[in-house]
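Presented below is the structure to which this report refers.
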Amino acid sequence: MSDLTLNTPAAASPEAVSRSAPLSQVGLLGWARANLFSGWLNTAVTLVLAYLLIRWIVGFAEWGIVNAIWSVPDNQTQACRDLKGTGACWAVIAEKHRFILFGTYPFEEHWRPALCVLLFIGLYVVSAMRRFWRPVLGLIWAVVLTLIGVLMWGGVAGLSYVPQERWGGLVITLILATFGLAFAFPLAILVALGRRSKLPAIKALCVLYVELIRGVPLISLLFMASVMFPLFLPEGMNIDKLLRAQIAIILFAGAYLAEVVRGGLQALPKGQYEAADALGLSYWQKTGFIILPQALRMVIPPLVNTFIGFFKDTSLVLIIGIFDLLTAGKTAIIEPAWQGFGIEVYITVGAIYFVFCFAMSKYSQNLEAELNRHRRR
Amino acid sequence: MSDSTIDPRSLRTPPRRPLRLSWSDERVRGIVWQVLVVGLVGSIVWWLWSNTVHNLEVRRIATGFGFLTREAGLPIAEHVIDYSPTDTYFRALMVGLLNTLKVAIVGIILATILGTLIGIARLSKNWLLAKLAAVYVEVIRDLPLLLQLLFWYAILQGLPGPRQAIHPMEGVFLSNRGLKLPWIEWQDGHSYALLMLILGAVATWLYRRQALARQMRDGRPRPVWPVGLGLTLGLPLVVWAAAGAPWTVDWPALRGFNFQGGLNVSPEYFALLLGLVLYTAGFIAEIVRAGIQAVALGQWEAAQALGLRSGQVLKLIVLPQALRVIIPPMTSQYLNITKNSSLAVAIGYQDIVSIANTTLNQTGQAIEGIAIIMLVYLTISLSISLFMNWYNARIALVER
């Protein structure tokens with residue numbers, strides 16, 4: 001618009017000045033001009049950011065690669081300390097990676113938790129494939145989770161028995177997240193249905209549960225599980241700490257997932273409910289065959305996002321002293337020889353969490369695009 | 001219709017049938033289900049409760065909040081109000097609550113600013129800026145908050161000691177003892193000025209309401225900005241000058257092995273605030289981006305076609321629509337910051353959870369300790385939701 005008004009007098013005047021050819025809009029140069037250097041402000045921002053980025057990358061490479069020490073002979077960390085923070089001490093990972101991944105599980109049996117981790121990953125991959133979104137998926141979950149229990153505990157088929165107190169590391173994180181999900185999800189569906197129910201007493205119970213749990217931090221539930229739970233049970237009855245934390249996580253995740261599921265139930269057009277009623281279906285037939293399959297499909301992306309949050313939240317069990325991945329990482333640097341190398345350990349542990357969460361997040365984005373394909377023009 | 005004596009509602013709802021004692025009556029089924037579920041939940045709760053009462057008797061733990069008036073004897077490094085270990089548990093818990101609020105409120109403000117900037121940066125036409133913002137959001141959201149807190153705390157602890165403190169500008173020192181900043185010495189004049197600032201803000205709000213009401217009547221816009229500026233900035237300045245313009249800056253300085261004077265930000269508070277703000281900003285950025293993108297392009301163009309200036313377009317057309325999308329998820333992020341501040345216990349910042357936990361370990365009053373934590377968070381959560389719901393209702397689309 002403004003270009004037109006500016007150019008008109010020049011074009012109309014008899015002594016029309018010759019103009020240079022228009023700037024290239026295609027190719028690498030054209031792209032850079034349009035996206036990086038389209039004005040003086042834009043150019044300044046690009047240059048400053050590029051400078052900071054390059055400085056930061058060079059600094060990190062110097063610290064993490066050039067000046068880094070990759071291994072030290074038997075716990076002689078003096079070489080690392082002499083760097084005085086100018087280089088990373090990856091030797092701590094070389095020395096402690098088994099401990100970080102598997103905790104205090106017997107050393108020669110480490111293949112068992114390692115196999116469990118692979119089984120978990122396989123389970124996630126299978127669950128992510130749409131061709132397995134059938135009732136058989138429930139069976140697969142039951143079989144794999146049983147197999148994992150057998151592998152971890154042992155005591156059958158020639159495997160030595162390993163008490164739960166010695167489990168630790170990545171596999172605990174995966175157990176808390178996966179079992180938590182497996183139990184929280186059905187609970188969430190029931191609670192979400194209850195909150196939409198016409199029966200006042202059931203509705204009130206569900207609202208109370210969801211709002212109470214969502215109003216308090218997970219830590220307070222974990223504290224409750226670790227200090228108050230033993231008081232709740234009759235004398236002589238004891239539940240081990242991991243299971244208590246697991247119950248707290250299930251109750252916590254159940255409330256959050258219930259709200260997501262409720263969103264799906266509300267988003268479903270009313271006609272679907274009325275059509276099911278008109279067909280004369282009972283409440284459970286209507287819910288199982290008509291409502292839930294559509295409502296759940298609608299909320300898959302937010303469900304996956306909740307799963308990600310929930311996977312990260314399992315790290316909170318550190319506070320009540322359960323040996324998950326983060327606790328194992330924190331404990332690995334308690335030994336005096338390795339004190340002060342927290343940054344290296346946290347970067348490594350963070351990378352493991354990142355791989356899992358990033359995979360879920362990308363999957364959720366792809367799925368969202370795929371499920372919304374019919375809406376795009 | 002209006003002179004008809006029959007209530008139109010009675011035509012729509014079928015007359016109430018008498019209750020039949022049969023399984024095929026929906027209402028009977030409903031009552032049976034409710035009795036069953038409530039009975040089941042009630043009996044589980046009763047069972048747990050009776051176990052608890054029995055266990056408490058066996059362990060000779062007296063229930064009740066009597067311990068609150070006993071001497072706490074627990075040292076607290078950071079306190080907003082005066083506190084010493086000889087004070088009561090109640091006061092210790094109050095200190096913890098104020099510490100929680102201190103980190104939550106500052107965190108909410110900083111995370112909102114940073115998150116909004118990053119969210120706008122993601123929509124920038126500058127490719128590099130947009131990509132960097134996207135990478136930031138993706139990475140920060142895929143790492144557990146607790147890990148990030150431990151990471152920042154490890155970095156702060158790895159800083160040099162006070163003698164070799166990082167000293168980027170006059171009066172600012174960053175060392176393993178935390179961050180030192182210059183601060184003004186607080187005097188009465190400052191309190192009066194602060195009071196005037198609050199009064200000025202209230203007066204501006206009242207004036208704006210009246211100005212808008214008058215504009216609605218005669219269509220002439222009234223100047224709000226100059227008056228508001230005069231009330232909120234001019235008034236405190238005049239009062240401050242009248243009080244003798246007190247102005248003494250308290251510079252931190254190295255004496256012996258530690259710093260004296262200035263404002264001290266402890267490493268624990270700093271790490272917690274840094275972690276909370278960086279983490280939540282990632283989520284807020286996504287909310288802001290979604291909110292801005294939710295306003296259709298046609299709205300911008302239509303506003304420009306009406307001849308509004310770009311500031312007016314943003315203020316009158318785009319923001320009111322974007323805020324409607326932004327406010328509800330933003331509420332839950334504010335609640336998350338408050339609840340996540342409880343992770344302070346992992347890095348040794350003494351918030352309400354940390355102090356209640358120490359209290360219940362010292363006194364053995366597990367139920368009361370956890371009840372206090374839950375009560376505090378439920379109160380904070382409910383107040384934030386109530387406020388945000390009120391705000392949301394104010395800006396919501398008024399429909400028929």
Side-chain angles (χ1 to χ4, degrees), chain A residues 31-32 34-36 38 42 45-46 49-50 53 85 194 198-202 205 211-212 214-220 223-224 227-228 230-235 237 283 308 311-316 318-319 326 329-330 333 340-343 345-347 349-350 353-354 356-358 360-361, chain B residues 29-31 33-35 37-38 41 47-49 51-52 54-56 58-59 61 124-129 132 138-139 141-148 150-151 153-155 157-158 335 338-343 345-346 353 356-357 360-361 366-367 369-370 373-374 377-378 380-382 385:
Chain A
W31 175 87
N35 291 303
L36 295 175
S38 60
N42 229 339
V45 168
T46 306
L49 283 179
L53 191 65
K198 283 193 215 85
L199 310 175
I202 290 177
L205 272 180
E211 295 304 325
L212 264 185
R214 275 160 42 99
V216 298
L218 175 55
I219 289 195
S220 65
F223 274 142
M224 198 165 157
V227 297
M228 259 168 87
L231 287 178
F232 287 161
L233 296 176
E235 270 184 292
M237 187 171 159
Y283 176 78
I308 297 176
F311 185 81
K312 290 185 292 178
D313 279 345
T314 57
S315 64
L316 263 59
L318 176 138
I319 286 159
L326 188 56
K330 202 179 173 225
I333 45 171
F341 299 116
I343 295 172
V345 169
Y346 293 138
I347 287 180
V349 171
Y353 275 108
F354 181 78
F356 280 97
C357 295
F358 187 69
M360 278 194 270
S361 143
Chain B
R29 285 205 306 267
I31 289 168
W33 273 114
Q34 293 186 70
V35 168
V37 170
V38 172
V41 172
W47 181 68
L48 295 176
W49 179 251
N51 283 334
T52 312
H54 177 73
N55 282 325
L56 288 176
V58 170
R59 292 175 205 196
I61 302 175
S124 163
K125 282 197 194 95
N126 188 314
W127 180 85
L128 192 61
L129 185 61
L132 280 179
E138 192 64 66
V139 170
R141 295 201 313 166
D142 282 346
L143 294 172
L145 174 59
L146 187 57
L147 177 89
Q148 296 187 29
L150 291 173
F151 177 79
Y153 193 53
I155 284 193
Q157 282 186 320
L335 291 174
T338 315
K339 283 186 278 176
N340 284 338
S341 71
S342 61
L343 294 183
V345 67
V353 172
N357 193 31
L360 74 87
N361 282 333
I367 296 178
I370 294 194
I373 298 178
M374 294 198 160
Y377 279 99
L378 277 179
I380 297 176
S381 299
L382 285 181
S385 331

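Chain A is the first sequence line, chain B the second, and so forth, proteins listed ahead of strands; every chain is numbered from 1.
- Taking chain B as the reference chain and counting heavy-atom pairs below 4.5 Å, the highest number among A:L231, A:D313, A:L49, A:V216 is found for A:L231.
- Closest non-hydrogen pair, A:I343 versus B:A154, comes out as CG1-CB, 4.3 Å.
- Of the two parts of B:L132, only the side chain, counted from C-beta on, holds a non-hydrogen atom closer than 4.5 Å to a non-hydrogen atom of chain A.
- Contacts with chain B were tallied for A:S220, A:G342, A:A50; A:S220 has the most, counting heavy-atom pairs under 4.5 Å.
- In this structure, the portions of B:T52 lying under 4.5 Å from any heavy atom of chain A include both its backbone and its side chain.
- Heavy atoms closer than 4.5 Å to chain A are found in the side chain of B:I373, but not in its backbone.
- Minimum interatomic distance between A:F358 and B:E138 (heavy atoms only, all atoms of both residues): CE1-CG, 3.4 Å.
- Nearest heavy atoms, A:K312 versus B:R141: NZ-O, 2.5 Å.
- How far CH2 of B:W33 is from CG of A:L199: 10.0 Å, rounded to the nearest 0.5 Å.
- Comparing A:I308, A:V345, A:V45 by heavy-atom pairs within less than 4.5 Å of chain B, the highest count is held by A:V45.
- Ranked by non-hydrogen atom pairs under 4.5 Å with chain A, the options B:V345, B:I380, B:L360, B:N357 are led by B:N357.
- Put simply, CG on B:N340 and CG on A:L316 are 8.0 Å apart, with the number rounded to the nearest 0.5 Å.
- Expressed to the nearest 0.5 Å, how far CG of B:L150 lies from OH of A:Y346 amounts to 4.0 Å.
- Interface check for chain A: of the options B:V38, B:N126, B:L48, B:L146, the most heavy-atom pairs under 4.5 Å are formed by B:N126.
- Neither the backbone nor the side chain of B:V35 comes within contact range of chain A; no heavy atom of the residue lies under 4.5 Å from a heavy atom of that chain.
- For the set B:V139, B:L145, B:L56, B:T338, the entry with the most heavy-atom pairs within less than 4.5 Å of chain A is B:V139.
- Taken from CG in B:L343 to CD1 in A:I219, the straight-line distance is 4.5 Å, to the nearest 0.5 Å.
- Note: A:A201 leads A:P230, A:G194, A:A201, A:G329 in heavy-atom pairs under 4.5 Å with chain B.
- The OG atom of B:S342 sits 7.0 Å away from the CD1 atom of A:I319 when rounded to the nearest 0.5 Å.
- The closest donor-acceptor contact from the side chain of A:K330 to the backbone of B:L147 lies at 3.5 Å or more, if one exists at all.
- Of the inter-residue distances, the one linking B:I367 atom CD1 with A:M228 atom CE reads 5.0 Å to the nearest 0.5 angstrom.
- Within the 4.5 angstrom heavy-atom criterion, atoms from both the backbone and the side chain of A:L212 approach chain B.
- For B:W47, the CH2 atom counts as densely surrounded, since its 6.0 Å shell holds more than 12 non-hydrogen atoms of other residues, nucleotides or ligands.
- For the pair A:F223 and B:V353, the minimum side-chain heavy-atom distance is below 4.5 Å.
- Interface remark: A:S361 contributes side-chain atoms only to the contact with chain B (heavy atom separation under 4.5 Å).
- Taking every heavy atom of both residues into account, A:R214 and B:K339 meet most closely at O-NZ, 2.6 Å.
- Between A:F354 and B:D142, the closest heavy-atom pair is CD1-CB, 3.5 Å.
- Interface residue A:I202: backbone and side-chain heavy atoms are both found under 4.5 Å from chain B.
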